[in-house]
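So the structure is just underneath, and the comments pick up after that.
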Amino acid sequence: MVTAFAPGKCILFGEHAVVYGQPAVAVSIDAGVEVTISESNKWSLEGMPFEPSKHPHISHIINDIFQYSGSPLEIDVKSGLFSAAGLGSSAALSNSMGAALHHLTKPEEPLDLISLARIGHSAEANAQKGRASPTDTATSALGGCVVVSGERVEGTEHIFDSTLETPEGSRSWSICRAALPELEDIWIVLGFTGIGSPTGKMVAGVSELIEREPQRMDDIRAIGEITSSGLESLSEGNMEGVGLAMNSCHERLRNIGVSCPEIEGLISAVQNHSLGAKLTGAGGGGCMVSLTRHPRRVAECIEIAGGKPLISKLGSGGARILPQ
Ligand code: PMV
């Protein structure tokens, strides 16, 4: 029996602008997905017969990546993430499945987190018709603070490059890591609106808006600049600066039409107790994030305003095998 864990992620800066080549900054969060696999006499998932076509991430990893031909597997999944909420739950599922199967088939070989990030990205791309940025899978595999960009970003450590053939042509990203200072008294609190966040639809909406109103590219470029200054503040441990950058980033995200009344409601509810707050992920629902020194107070405000809170430190550890 093998159990692996992979964390979810929170985008601090740069969602949507990253689609246009600007940098995005994401941190891994404490909650994630745990997958347990054990050899058995029949294939099962959560105690039910395993139907590969209903679980494209898991079946891609078993069949296409590992070309697994051993005994049938009993697979159990425990998730601590809201799904379809912009927290990277499918990336965490893919990474924990990849890590568990690696350990089951090659117990003597240590888990290489870059290879795992590539496995997870391949599973995401396969399940999303060839369109997936490596942000979620790289952040979940490596843990910490990850910067994804069209170009290498100064002041970060380059980890690997990633290329994907998409229906729109070949796309490449540089994946870097930013060192996080000791952040003893700082938390993020995610607030789920309860509305599923349709990433593809939101990305398409931004592209249509820019076609109609080309001046909206100014907002995309501004998000890129805010991301760079937010990252600089984060690296220096200037959390007030990070909070201000989050607020400015949210204003620009609102300009490109990806906020919604439910996100705005949660953001206003936490403002008095936050250093900064913004939507995180695709928007149109999904989650907002608050940066705060008072996580319980913020979580209460989110609940009172009708959202579901999740408290986390910034940049917890990446994917790993758990002791039995
Ligand atoms: O909500 P998520 O995790 O799917 O984040 C989407 C981030 C976008 O920038 C909107 C899309 C992307 O591919 O980077």
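None of the values given here were measured: they were computed from a predicted structure. When a ligand or atom number is given, it counts from 1 through the structure's own listing order.
A donor-acceptor pair under 3.5 Å is absent between the side-chain atoms of Ser149 and the main chain of Arg152, judged by distance alone. Side-chain N or O atoms of Ser28 include one that pairs as donor or acceptor with a backbone N or O of Ser316 at under 3.5 Å.
Near Glu15, meaning under 4.0 Å from one of its heavy atoms, ligand 1 places the atoms 9 (O). Listed by atom number, the atoms of ligand 1 under 4.0 Å from His16 heavy atoms are 8 (C), 9 (O), 10 (C). Every atom of ligand 1 is numbered from 1 in the order shown, and the set under 4.0 Å from a heavy atom of Val18 is 9 (O), 14 (O).
Of the heavy atoms in Lys9, only side-chain atoms (C-beta onward) come closer than 4.0 Å to ligand 1. Residue contacts with ligand 1 for Thr280 are absent, since no atom lies close enough (heavy atoms, distance under 4.0 Å).
Ranking protein heavy atoms by distance to atom 1 (O) of ligand 1, first place goes to Ala282 N, 3.0 Å. With respect to atom 7 (C) of ligand 1, the closest heavy atom belonging to the protein is Ile11 CD1, 3.9 Å. Looking only at heavy atoms of the protein, atom 13 (O) of ligand 1 is closest to Ser133 CB, 3.6 Å. Counting only heavy atoms of the protein, atom 12 (C) of ligand 1 lies nearest to Val19 CG2, 4.0 Å. In terms of protein heavy atoms, atom 5 (O) of ligand 1 is closest to Gly281 CA, 3.7 Å.
The closest approach between a heavy atom of Asp136 and any atom of ligand 1 is below 4.0 Å.
Residues Arg254 and Glu251 are not paired through a salt bridge, judged by the lack of any N-O separation under 4.0 Å between the basic side chain and the carboxylate.
Nearest-residue assignment for atom 4 (O) of ligand 1 (options Val206, Leu279, Thr199; heavy-atom criterion): Thr199.
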